[in-house]
Asker: 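Got a structure for you, written out below as structure tokens; questions coming shortly.
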2 protein chains.
Amino acid sequence: MQKSLVDAPALGLRERKKRARREALIDATHRLVAEHGLDAVTVEAICEEAGVSARTFFNYFESKDDAVLGHTPWPLDSAATEEFATGGPTGHLLADLQALVSAFLSDPPMGRQRLARAFELAAQEPRLLARHLAWMEQHKGQLSALVERRLGENAPYSSEIVGATLLFLTHATFLRWDAAGGTGSADEHITAVVTDLRSILTD
Amino acid sequence: MQKSLVDAPALGLRERKKRARREALIDATHRLVAEHGLDAVTVEAICEEAGVSARTFFNYFESKDDAVLGHTPWPLDSAATEEFATGGPTGHLLADLQALVSAFLSDPPMGRQRLARAFELAAQEPRLLARHLAWMEQHKGQLSALVERRLGENAPYSSEIVGATLLFLTHATFLRWDAAGGTGSADEHITAVVTDLRSILTD
DNA sequence: GTGCAACTTTACACACACTGCAATTTTGCA
DNA sequence: TGCAAAATTGCAGTGTGTGTAAAGTTGCAC
């Protein structure tokens with residue numbers, strides 16, 4: 001087998017097995033939580049469903065909640081990220097913030113299918129939404145650094161608040177997308193959110 | 001003893017003892033966490049410090065983290081809240097949102113001193129910030145309902161997003177206040193946040 | 001394919017958070 | 001003083017999450 005046929009990453013067996021197991025654990029968690037509710041499902045039950053030892057579960061996820069959300073350490077290294085940091089794609093801050101959020105939401109780290117199920121469950125379990133928010137908050141530092149790179153030293157506003165805004169836009173867009181039953185494009189929703197927000201603030 | 005002398009709440013002994021114990025628990029938690037870090041402090045240790053049984057601790061707080069943050073079920077029934085819902089104080093949505101946030105931040109449910117210490121600790125322990133965020137998220141529904149009451153049926157934007165914005169403003173103001181070392185008025189900080197945000201969005 | 005080094009899974013033991021329950025003590029009030 | 005409501009407490013139990021060391025897999029060189 002060739003190392004890299006066309007553009008496939010050509011991951012080794014080890015890496016592929018790891019991903020498969022990770023997804024199997026997420027799927028098992030989704031099945032059980034959808035049926036019985038978050039609190040009624042134990043990690044032990046999930047592991048039985050997935051045919052894995054309980055200790056292994058915690059090699060993949062820090063907590064039960066993380067398994068539902070499929071939270072993975074987020075590298076934040078996509079092409080869109082780089083483009084934003086260097087002033088693209090349009091050079092207009094707001095438009096580029098929108099593009100960044102849209103790019104992230106369109107290319108989730110675990111597939112749309114699983115992401116949709118995760119959000120469906122999160123909508124019913126406040127704790128999960130909170131955990132998701134916390135996860136995003138963890139990355140605020142990275143986002144702020146990104147914004148700082150773009151704006152440079154003489155920024156008109158603090159990179160902190162731009163980073164926080166980025167996070168807020170992502171979250172609000174998520175919520176709107178979910179409220180719409182998971183239909184529509186990310187672009188469409190984020191545009192609507194920005195419009196609303198702007199009109200509230202300039203009212 | 002008269003029921004209500006002048007304007008004092010005239011709480012019974014029972015209620016006063018309860019508050020004192022609650023504050024004693026918060027203070028004990030702050031002391032220990034400041035010294036040893038959140039994870040190194042057990043509930044048992046906190047209770048020993050406060051001279052209370054471990055079971056009692058959980059009669060006061062849902063979790064260890066809540067004791068640090070002093071989270072109390074938030075009634076959301078202040079005069080400012082009522083005024084906002086009925087269209088006041090200025091009739092201008094944005095200005096009134098600011099007034100509401102400011103009123104909340106100026107009259108914290110546990111005293112500025114303790115609030116400041118709680119935030120100092122939260123800044124060093126990401127988990128606490130996350131929990132705080134989660135707590136705010138829990139109240140988003142109440143806020144949305146409040147906004148709905150004010151805007152009525154023919155609202156120009158969804159009460160959901162106004163509620164989320166309210167939460168975001170509160171959080172961002174908190175952060176800015178903390179970044180300033182806890183100095184300055186709530187009004188001052190929220191105004192700055194709104195100005196930044198507006199300029200980002202209309203850029 | 002043999003063998004070795006690196007990585008993964010697993011079992012076991014353990015600390016700790018948190019809950020339900022029933023007994024006990026404290027408080028408010030007549 | 002006595003009684004009812006409320007608060008505190010001990011205790012037993014469930015479940016999450018971690019450290020550790022042994023056992024099993026995989027990648028790779030020879």
Side-chain angles (χ1 to χ4, degrees), chain A residues 1-4 9-25 28-29 32-33 36-69 71-73 125 127-128 130-131 134-135, chain B residues 1-4 9-26 28-29 32-33 36-69 71-73 125-128 130-131 134-135:
Chain A
M1 196 193 293
Q2 288 175 292
K3 198 76 186 288
S4 162
L11 298 162
L13 171 61
R14 209 159 229 159
E15 192 64 20
R16 259 178 296 138
K17 261 192 143 177
K18 214 170 166 180
R19 290 199 185 195
R21 185 153 277 187
R22 174 183 194 81
E23 292 180 352
L25 280 170
T29 306
L32 291 176
V33 171
H36 304 106
L38 183 59
D39 287 326
V41 173
T42 67
V43 171
E44 201 177 357
I46 295 169
C47 294
E48 197 174 340
E49 176 93 358
V52 166
S53 92
R55 191 60 185 81
T56 295
F57 179 94
F58 289 105
N59 289 341
Y60 282 85
F61 303 102
E62 285 189 8
S63 70
K64 191 171 70 172
D65 297 2
D66 282 345
V68 180
L69 298 168
H71 280 168
T72 204
E125 306 268 5
R127 223 178 67 209
L128 292 178
R131 177 96 189 181
W135 179 78
Chain B
M1 195 198 294
Q2 288 175 292
K3 199 75 184 287
S4 162
L11 298 163
L13 171 61
R14 204 157 232 160
E15 193 63 20
R16 259 179 295 138
K17 260 195 140 175
K18 214 170 164 180
R19 290 200 185 193
R21 184 154 278 186
R22 174 185 196 80
E23 292 179 352
L25 281 170
I26 293 177
T29 307
L32 292 176
V33 170
H36 304 105
L38 183 58
D39 288 325
V41 174
T42 67
V43 171
E44 200 176 356
I46 295 169
C47 294
E48 197 172 341
E49 176 93 357
V52 167
S53 90
R55 191 61 187 79
T56 295
F57 179 94
F58 289 105
N59 289 340
Y60 283 86
F61 304 101
E62 285 188 9
S63 69
K64 190 171 70 173
D65 297 1
D66 282 345
V68 180
L69 297 168
H71 281 168
T72 205
E125 306 269 5
R127 224 178 67 209
L128 292 177
R131 179 92 188 183
W135 180 77

Asker: Is a donor on one side and an acceptor on the other found under 3.5 Å between the side chain of A:T29 and the backbone of A:L25?
Answerer: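 Yes; judged by distance alone, with no hydrogens or angles, the pair exists.
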Asker: What is the separation between atom CG on B:L25 and atom C1' on D:dA7, rounded to the nearest whole Å?
Answerer: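 Distance check: B:L25 CG to D:dA7 C1' gives 13 Å.
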Asker: Does D:dT8 have OP1 or OP2 under 4.0 Å away from a side-chain N or O of B:Y60?
Answerer: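 For D:dT8, OP1/OP2 do have a side-chain N/O of B:Y60 under 4.0 Å.
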Asker: Is the shortest side-chain N/O distance from A:T56 to OP1 or OP2 of C:dT10 below 4.0 Å?
Answerer: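 Indeed, a polar side-chain atom of A:T56 lies that close.
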Asker: Consider only side-chain N and O atoms of B:T72 and B:R22, and report whether a donor and an acceptor are under 3.5 Å apart.
Answerer: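 Yes, a side-chain donor-acceptor pair sits under 3.5 Å.
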Asker: Of the candidate nucleotides C:dC18, D:dG10, D:dG15, which contains the atom at the shortest distance from the side chain of B:R55?
Answerer: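 Side chain of B:R55 sits closest to D:dG10.
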Asker: Is B:K18 near enough to D:dA7 that one of its side-chain N or O atoms lies under 4.0 angstrom from OP1 or OP2?
Answerer: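 The answer is yes; a side-chain N or O of B:K18 sits under 4.0 Å from OP1 or OP2.
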Asker: I need the CG-P distance between B:L38 and C:dC16, as an integer number of Å.
Answerer: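 Between P of C:dC16 and CG of B:L38: 13 Å.
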Asker: In whole angstrom, what separates B:E44's CD from C:dC18's P?
Answerer: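 Computing the B:E44:CD to C:dC18:P distance gives 14 Å.
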Asker: Output the rounded distance in Å from CZ (A:R22) to C1' (C:dT8).
Answerer: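 Rounding to the nearest Å, CZ of A:R22 and C1' of C:dT8 are 15 Å apart.
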Asker: Rounding to a whole Å, what distance do you find between A:K64:NZ and D:dT18:C1'?
Answerer: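 Value for this atom pair: 17 Å.
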Asker: Flag the pair A:L38 / A:D65 as yes when at least one side-chain heavy-atom distance between them is below 4.5 Å, and no otherwise.
Answerer: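 In contact.
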Asker: Tell me which of B:S53 and A:F61 sits closer to the 5' end of DNA chain D, going by the nucleotide each one is nearest to.
Answerer: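 Nearest nucleotide further toward 5': that of B:S53.
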Asker: Are side-chain heavy atoms of A:Y60 and A:K18 found at a separation under 4.5 Å?
Answerer: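 Touching, per the 4.5 Å side-chain cut-off.
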Asker: Where the side chain of B:N59 is concerned, which of D:dT8, D:dT25, D:dT18 is the nearest nucleotide?
Answerer: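 From the listed options, D:dT8 comes nearest.
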Asker: Once you apply a heavy-atom cut-off of 4.0 Å, does A:E62 come out as touching a base, just sugar-phosphate, or nothing?
Answerer: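 A:E62: backbone/sugar contact only, no base atoms under 4.0 Å.
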Asker: Could you tell me whether the phosphate oxygens of D:dT26, OP1 or OP2, come under 4.0 Å of any side-chain nitrogen or oxygen in A:K17?
Answerer: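 The answer is yes; a side-chain N or O of A:K17 sits under 4.0 Å from OP1 or OP2.
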Asker: Which nucleotide in the list C:dT9, C:dT26, C:dC18 gets nearest to the side chain of B:S63?
Answerer: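 Within the option list, the nearest is C:dC18.
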Asker: What is the separation between atom CD1 on A:I46 and atom C1' on D:dG15, rounded to the nearest whole Å?
Answerer: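 These atoms are roughly 12 Å apart.
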Asker: Quickly work out the A:F58 CZ to C:dT9 C1' distance and round it to whole Å.
Answerer: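 Taking atom C1' of C:dT9 as the reference, CZ of A:F58 is at 15 Å.
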Asker: Taking the side chain as C-beta and beyond, is there a heavy-atom pair between A:S63 and A:R131 under 4.5 Å?
Answerer: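 Yes. Closest side-chain heavy atoms under 4.5 Å.
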Asker: Rounded to whole angstrom units, what separation is found between the CZ atom of A:F57 and the P atom of C:dT8?
Answerer: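 Atom-to-atom, A:F57 to C:dT8, this comes out as 18 Å.
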Asker: Consider the side chain of A:R21, meaning its heavy atoms from C-beta on, and name the nucleotide among C:dT10, D:dT26, C:dC18 that approaches it most closely.
Answerer: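 For the A:R21 side chain, the nearest candidate turns out to be C:dT10.
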